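See structure below.
Quick note: residue numbers are just sequence positions, from 1. Since the structure is predicted, the reported quantities are computational estimates derived from the model, not experimental observations.
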Amino acid sequence: MKTEAKVEFDSTEGMSDLCKTGLRNTLTACADTKLMLGYHYGEWTFGPPELEAAVACCSLSQTELGHVRLLQGILKKHFGDDPDALVQRPPNAFANIAFLDSVIGDWAGLVVANYVVDLAVTRLVHAMRGSTFKPVRMSVEKMIDEERYHVHHGQGWFRTLANRNEQTRAATQERLRTALGTVAVWFGPEEAEESAALVEAGIQAKTNAELFADLVSDIETIGNEVSVSVEVPAPQLAGWNPENRRTDASGPDEDILYHLRGSKNAIFKLN
């Protein structure tokens with residue numbers, strides 16, 4: 001039986017209002033999460049357990065910030081969002097995965113951010129690989145190709161910490177549980193209307209709930225190999241807001257936003 005082809009979009013013209021809103025929220029959530037990942041990878045350019053890891057963190061940071069530019073470029077062209085204004089939003093308007101809201105205090109936390117949080121946003125980007133929204137489809141291939149190294153690096157360190165000793169395994173398992181709890185909230189409830197609308201329009205291949213299930217399955221496979229229990233805290237999703245993908249008014253720490261905004265050196269900004 002022949003499947004009816006989906007309508008393709010060169011712009012948001014012709015999309016339903018729900019699709020437009022859902023697409024904007026999705027791109028913003030990906031850009032915000034990548035911005036925060038870029039910040040934390042940059043911080044960990046100094047202080048990881050090996051010199052090679054420091055070099056890797058520098059590269060990871062550069063890649064994520066490059067992806068932010070791509071995504072914010074789409075948001076600017078098709079939704080009128082000014083990249084400079086986006087970073088000036090109040091903390092509770094940011095739609096990043098909440099695991100990245102604060103300082104990542106140890107290497108186990110950074111490894112889990114690399115393996116789990118980074119992979120979560122990559123799965124969402126990958127779901128738009130064949131998107132009917134052409135501007136996204138033409139941009140995500142580059143991101144997916146570059147993210148393969150991120151997954152490889154995160155998995156490698158995850159295995160290393162899990163196998164090193166009981167202390168590093170326990171720390172990794174604790175950070176993993178926390179991260180998965182925040183990722184579950186970020187992906188949102190199964191019945192999320194925007195996610196379903198994007199899938200129906202062919203803008204996204206799978207719903208957010210399906211993407212989260214796939215993510216957990218992948219992590220469980222590696223977890224079983226290294227004796228790390230993968231526990232997903234039951235997310236409390238009452239009042240979930242699709243704009244910031246949270247259930248409350250939380251957001252990144254002001255200290256982090258201060259640095260991301262370049263507040264200290266604002267007078268030297270080149271116009």
On a heavy-atom basis, the closest approach of V68 and A31 is CG2-O, 3.6 Å

Are I104 and F46 in one and the same hydrophobic cluster, where Ile, Leu, Val, Met, Phe, Trp and Tyr link if side-chain heavy atoms are under 4.5 Å apart? no

Determine the sole option in K20, E194, E243 for which the side chain to side chain donor-acceptor pair (under 3.5 Å) test with N25 is passed. E194

Between R159 and V226 (side chain of the first, backbone of the second, donor and acceptor by atom type, cut-off under 3.5 Å), is there such a pair? no

Under the side-chain contact (heavy atoms from CB on, under 4.5 Å) rule, what do H153 and D118 come out as? Steps first, then yes or no, please. CA-CA 11 Å; H153 184 265; D118 201 333; over 6 Å; no

Using a strict 4.0 Å threshold on nitrogen-to-oxygen distance, state whether E210 and R123 make a salt bridge. no

Following the transitive rule for hydrophobic clusters with a side-chain heavy-atom cut-off under 4.5 Å over Ile, Leu, Val, Met, Phe, Trp and Tyr, establish whether L110 and L119 coincide in one cluster. yes

Which atom pairs, one a donor and one an acceptor, fall under 3.5 Å between side chains of residues 134-144 and the rest of the protein, sequence neighbours left out?
from: K134; atom 1: NZ; to: D10; atom 2: OD1; distance (Å): 3.1
from: R137; atom 1: NH1; to: E8; atom 2: OE2; distance (Å): 3.0
from: R137; atom 1: NH1; to: S131; atom 2: O; distance (Å): 2.8
from: S139; atom 1: OG; to: P135; atom 2: O; distance (Å): 2.9
from: E141; atom 1: OE1; to: R129; atom 2: NE; distance (Å): 3.1
from: E141; atom 1: OE2; to: R129; atom 2: NE; distance (Å): 3.3
from: E141; atom 1: OE2; to: R129; atom 2: NH2; distance (Å): 2.7
from: K142; atom 1: NZ; to: E146; atom 2: OE2; distance (Å): 2.8

Return yes if some donor-acceptor pair links the side-chain N/O of Q173 with the main-chain N/O of S229 below 3.5 Å, else return no. yes

Could you state whether I203 and V121 fall into the same hydrophobic cluster, counting links through intermediate Ile, Leu, Val, Met, Phe, Trp or Tyr residues with side-chain heavy atoms under 4.5 angstrom apart? no

According to the interplanar angle, ranging from 0 to 90°, do the rings of Y115 and F158 count as parallel (below 30°), tilted (30 to 60°) or perpendicular (above 60°)? tilted

Check whether the side chains of E43 and Y39 place a donor and an acceptor atom closer than 3.5 Å, and report yes or no. yes

Spell out, as yes or no, whether a donor-acceptor pair under 3.5 Å connects the side chain of S61 to the backbone of C57. no

Tightest non-hydrogen contact, residues K76 and P83, listed as CD-CD, 3.9 Å

Salt bridge (Lys or Arg N to Asp or Glu O under 4.0 Å) filter on R175, not counting sequence neighbours, yields D106

Which distance, rounded to the nearest 0.5 Å, do you find between the CG of L198 and the CE of M15? 8.5 Å

Side chains of T168 and N165 only: does a donor on one sit below 3.5 Å from an acceptor on the other? yes

How long is the span from the CD atom in E147 to the CG atom in L60, to the nearest 0.5 Å? 8.5 Å

Closest approach of V185 and T247, non-hydrogen atoms and distance? CG1-CG2, 4.5 Å

Under the 3.5 angstrom rule, does the side chain of T178 hit a backbone N or O of E174 as a donor-acceptor pair? yes

Heavy-atom check, side chain of V228 versus side chain of R169, under 4.5 Å: yes

Using ring-ring contact (aromatic ring centres under 6.0 Å, His included) as the criterion, list what pairs up with F133, not counting sequence neighbours. H78

Are any of the side-chain nitrogens in R89 or D81 under 4.0 Å away from the carboxylate oxygens of its partner? no

What do the steps show when you test T160 against V111 for side-chain contact (heavy atoms from CB on, under 4.5 Å), and what is the final call? CA-CA 10 Å; T160 297; V111 167; over 6 Å; no

Looking only at heavy atoms, which two atoms of E200 and K6 are closest? And how far apart? O-NZ, 2.6 Å

Run H150 and T122 through side-chain contact (heavy atoms from CB on, under 4.5 Å) and show every step you take. CA-CA 9 Å; H150 294 216; T122 297; 5.9 Å; no

Measuring from atom CG of D84 to atom CZ of R261, what distance do you get when rounded to the nearest 0.5 angstrom? 12.0 Å

Side chains of N96 and R246: do they bring a donor and an acceptor to under 3.5 Å? yes

Can you hop from L27 to I97 via hydrophobic side chains spaced under 4.5 Å? no

Working to the nearest 0.5 Å, report the span between CG of L260 and CE of M36. 6.0 Å

Shortest non-hydrogen pair, V125 vs C30, comes out as CG2-SG, 4.2 Å

Non-hydrogen side-chain atoms of Y149 and T63 separated by less than 4.5 Å: no

Under 3.5 Å, is there a donor-acceptor pair between the side chain of T221 and the main chain of S217? yes

Kindly check if the number of other-residue, nucleotide or ligand heavy atoms within 6.0 Å of CD (E225) is above 12? yes

Pick from N224, V230, V232: which one makes a side chain to side chain contact (heavy atoms under 4.5 Å, CB included) with I219? V230

Side chain W186, main chain A98, donor-acceptor under 3.5 Å: no

Are W107 and W44 packed together at the side-chain level, in the sense that at least one heavy-atom pair is separated by less than 4.5 angstrom? yes

Below 4.5 Å, heavy atoms only, C-beta onward: do H40 and I256 meet side chain to side chain? yes

Can you tell if the side chain of T33 reaches within under 4.5 Å of the side chain of L124, non-hydrogen atoms only? no

Measuring from T12:OG1 to K77:NZ, what's the distance to the nearest 0.5 Å? 11.5 Å

L215 and V116: which non-hydrogen atoms are nearest, and at how many Å? CD1-O, 4.2 Å

How many angstroms lie between CG in L180 and OG1 in T182, if you round to the nearest 0.5 Å? 7.5 Å

Between the side chain of N244 and the main-chain N/O of N92, is any donor-acceptor distance below 3.5 Å? yes

Counting only heavy atoms not in E193 (residues, nucleotides, ligands), do more than 12 fall under 6.0 Å from its CD? no

Is T132 close to V7 at the side-chain level, that is, under 4.5 Å between some pair of heavy atoms? no

Please check if atom CD in E220 has more than 12 non-hydrogen atoms from other residues, nucleotides or ligands closer than 6.0 Å. yes

Heavy-atom distance under 4.5 Å between the side chains of W157 and E50, does that happen here? yes

side-chain contact (heavy atoms from CB on, under 4.5 Å) evaluation trace for Q204 with L211: CA-CA 10 Å; Q204 190 172 305; L211 293 173; 4.0 Å; yes

Hydrophobic cluster membership, L65 vs L71, 4.5 Å side-chain cutoff: no

